[in-house]
Amino acid sequence: MTKAKQALCLFECLHRSIFNSLNSTTASLSHTHQVHAHVLKTGVFEDSHVATKLLSQYANHFCFTDANQFLDSISEPTIFSFSVLIYAYTKQRLFNQALRVFSRMLSLGLAPDSHVLPNVAKACAGLSSLKSGKQVHGIVFVSGLGSDSFVQASLIHMYLKCIRIRDAHKLFDRLPQADVVIFSALIAGYARQGCVDDVKKLFKKMEDSGVQPNLVSWNGIIAGFNHSRYYEEAIIMFRKMHFEGFIPDGCSLSSVLSAVGDLESLNVGLQIHDHVIKQGLGQDKCVASSLIDMYGKCACPIDMSKVFFEVDGLDIGACNALVTGLSRNGLVDKALEMFRQFQDQGMELNIRSWTSMIAGCSQNGLSIQALDLFREMQDVGLRPNNVTIPCLLPACGSIAALMHGKAVHCYSIRTGISNDIFVSSALIDMYAKCGRIQVSRQLFDKMPAKNSVCWNAIIGGYAMHGNAKEAIEIFHLMQSNGQKPDFISFTCILSACSQAGLTEEGCKYFNSMSKEYGIEARMEHYACMVTLLGRAGRLKETYKMIEQMPFEPDACVWGALLSSCRVHNNVCLGEVAARKLFQLEPTNCGNYTLLSNIYASKSMWTEVDSVRDTMKALGLRKDPGCSWIELNNKMHMLLAGDQSHPQMSQITERLNKINMEMKKSGCFPNTDFVLQDVEEQEKEQILCGHSEKLAVALGLLNTPPGSTLQVIKNLRICGDCHAVIKFISSIEGREIYVRDTNRFHHFKDGVCSCGDYW
DNA sequence: ATAGGGTTAG
């Protein structure tokens, strides 16, 4: 053998070993780089096999920059090279990039083959881009590859993902013969649309054509029904599959568990959990996530945590399910703790994680925290979407953070999600809670499509503002527009009637519920009726209604009665309601305070002391009155009697001045509202310290004359404060909105929108 | 190197 021949042989061996070393999918990145360098030196990269191998290695390592550079360096890239890159991009769900590579391939005049087209169709499906999908279909048509079964299946799949089930079916009907893969894809597509009958029909057709469904076919149906919220159907199919002798795998179990969770069927959930254990699928990430989700939805936080801690390693799905489940079960502090722990552990939290935590805070009264998290989320580079926004907005509404709410509204417009039905309903509610009912109405009128949530949002908004006329108008408009009222609509309309003192109207609507609409009254409707009748002073009638309720009244109903008794200072019924409430919610301070205030209004100081002693013995402290005002984008919180605000001396000075003015014009402080056994002068002092007055004074100090003020209070507005704020609105020429626990008070020119009825 | 099925935010 000549030396040259030996060298060539050696080179070939080397070449082959390099080639083989890249066969392993686990070849390290540095090794790939070494081979790349070697290949560049020796020039063998013109070998398309080596080029393909190198490209796929880079793709496996997510090194798309290197892969693209390499592709650029090849003088005459083959269709293989492009194919590999498109495949890798599709696999990484980087569909846009996959399509970009494909169009580059086309521009070089390379004709697509039956291998690359399915991946391209898959990228279109992944993007749900019907436009690109149709283009690919056109290319398939021109290329004459339309009869390739892989290509056909991928096109059908693309149309299904783009919710073009008819187009998919058209292609399907043209197939000479469909195999199990095609049937399964189409059936799953129908299930995703919730077309129960079509699924059954196709299933029969499949069996008639002699095609046997397999596990994947069943899983597609179960997942599809779960996706389209046909939860019962999903469970029925799971049972059927089991009955047919298929052993459910991780895919079947995760889908069916999700459906079980939404139905809150704990017993079924427990059975399926047994199944999971039997199959040894406890470590499957998706199964674990849906188990956690299921226990969370079935109000079993302990079992939920157990599943979470039994899974090895952290999985984003499981973490998100845990955070959601904890908040859902009122353990929002624990949820926050876990959320921070995940962050500390370097977990890469996604938009769902943040949205879930924001929703948890928002729904559990932690409004400020929700707003902080929203900011923090954007700081780490995540963009809120059409789910995040409706989760955050209730927090803005709850503390009347109008500036934040407006910013979120602008963001929704910029990102094109403001027409989303959930987003716009949440905006309507937020503006109403921030006192801007006219803005709510404008948004409502502009909505292109409305569901009951939107109608209820605007009716509820009007109710909160005491605009019963508008609320009733919309309630009827809703029906003439073909939208049937649901039980929430009635809660809104009843509360509107009760705010406005429309007692007879309210009774009429209440009676029509079951008679005309077939909606049985729920707890919240009875609570509204108690408020409605109670406020009108018809306390005996109210009590009779409670006694005749078809189910056991809850604390809301008794609480409504107790509040009415406080309004009319009815000791006898108040004691009855309070006794019930002390049993139902022994740690709710508000109930003790109300009873004590009823006694105090009748100067029954011994009884007042006795209630106070009970509270002390239970370790309870009265909820302090608390008001908020948003000034220059910052929320200020003022507590009754609290002196700690930096502008407190100015506040006091301003209030004293107003007091003098009032006395001059013949108005004196109404010390009946001080429910303590103290001297008259001290009573005046106490009234001056009420949080709503402090907040209004702070607003006067920090805003230009004539501008509108808005205050929210955690308790019902005090009668003296109501009188003082009316006076302020007149002498200062200001519109002042005060939202208390029940409704809005709109003070203008010395009168209040509630007509002094609240 | 190519086609069908999974979970976790409102």
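Given the structure is predicted, the values throughout are model-derived calculations rather than measurements. Just the heavy atoms: all of them, side chains too, but no hydrogens, waters or symmetry mates, feed the values below. Chain A is the first sequence line, chain B the second, and so forth, proteins listed ahead of strands; every chain is numbered from 1.
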Query raised in the report: Pairs in or reaching into residues 374-384 of chain A: which pass side chain to side chain donor-acceptor pair (under 3.5 Å), with residues at least two apart or in two chains?
Result: A:Arg340-A:Glu376

Kindly say whether the aromatic ring centers of [X] and [Y] come within a distance under 6.0 Å.
X        : Y        : value
A:Phe339 : A:Trp354 : yes
A:His409 : A:Tyr431 : yes
A:Trp455 : A:Phe444 : yes

Query raised in the report: How close do A:Ser83 and A:Val116 get, heavy atom to heavy atom, and via which atoms?
Result: OG-CB, 3.4 Å

If you look at every strand shown and take non-hydrogen atoms under 4.0 Å, does [X] touch a base, only sugar-phosphate, or nothing?
X        : answer
A:Gly317 : base
A:Val323 : nothing
A:Asp284 : base
A:Thr388 : nothing
A:Ser154 : nothing
A:Phe422 : base

Query raised in the report: Less than 4.0 Å between a side-chain N and a carboxylate O, is that true for A:Glu337 and A:Lys334?
Result: yes

Atom pairs and distances, donor-acceptor, side-chain atoms in residues 180-192 of chain A, under 3.5 Å, two or more places apart:
unit_1	atom_1	unit_2	atom_2	d
A:Ser184	OG	A:Val180	O	2.5
A:Ser184	OG	A:Ser217	OG	3.0
A:Tyr190	OH	A:His169	ND1	2.4

Query raised in the report: Earliest and latest nucleotide of DNA chain B, 5' to 3', sitting under 4.0 Å from a non-hydrogen atom of chain A?
Result: B:dA1 to B:dG10

**Report entry** A:Ser356 side chain to A:Asn320 side chain, donor-acceptor N/O pair below 3.5 angstrom
**Finding:** no

Query raised in the report: Between residues 238-253 of chain A and DNA chain B, which residues have a heavy-atom gap below 4.0 Å?
Result: A:Asp249, A:Gly250, A:Cys251

**Report entry** Residues touching DNA chain B, which here means a heavy atom under 4.0 Å, drawn from residues 173-182 of chain A
**Finding:** A:Asp179, A:Val180, A:Val181

Report task. Taking the side chain as every heavy atom from C-beta outward, state whether A:Tyr89 and A:Leu99 have any atom pair closer than 4.5 Å. Result -> no

Query raised in the report: For residues 246-262 of chain A, which residue pairs qualify under salt bridge (charged side-chain N to carboxylate O under 4.0 Å, His left out), counting only residues two or more places apart or in two chains?
Result: A:Asp262-A:Lys297

Report task. Please test A:Ser258 against A:Ser290 for side-chain hydrogen bond (donor to acceptor under 3.5 Å, both in side chains), starting from the C-alpha separation and ending with a verdict. Result -> CA-CA 5 Å; A:Ser258 163; A:Ser290 10; over 6 Å; no

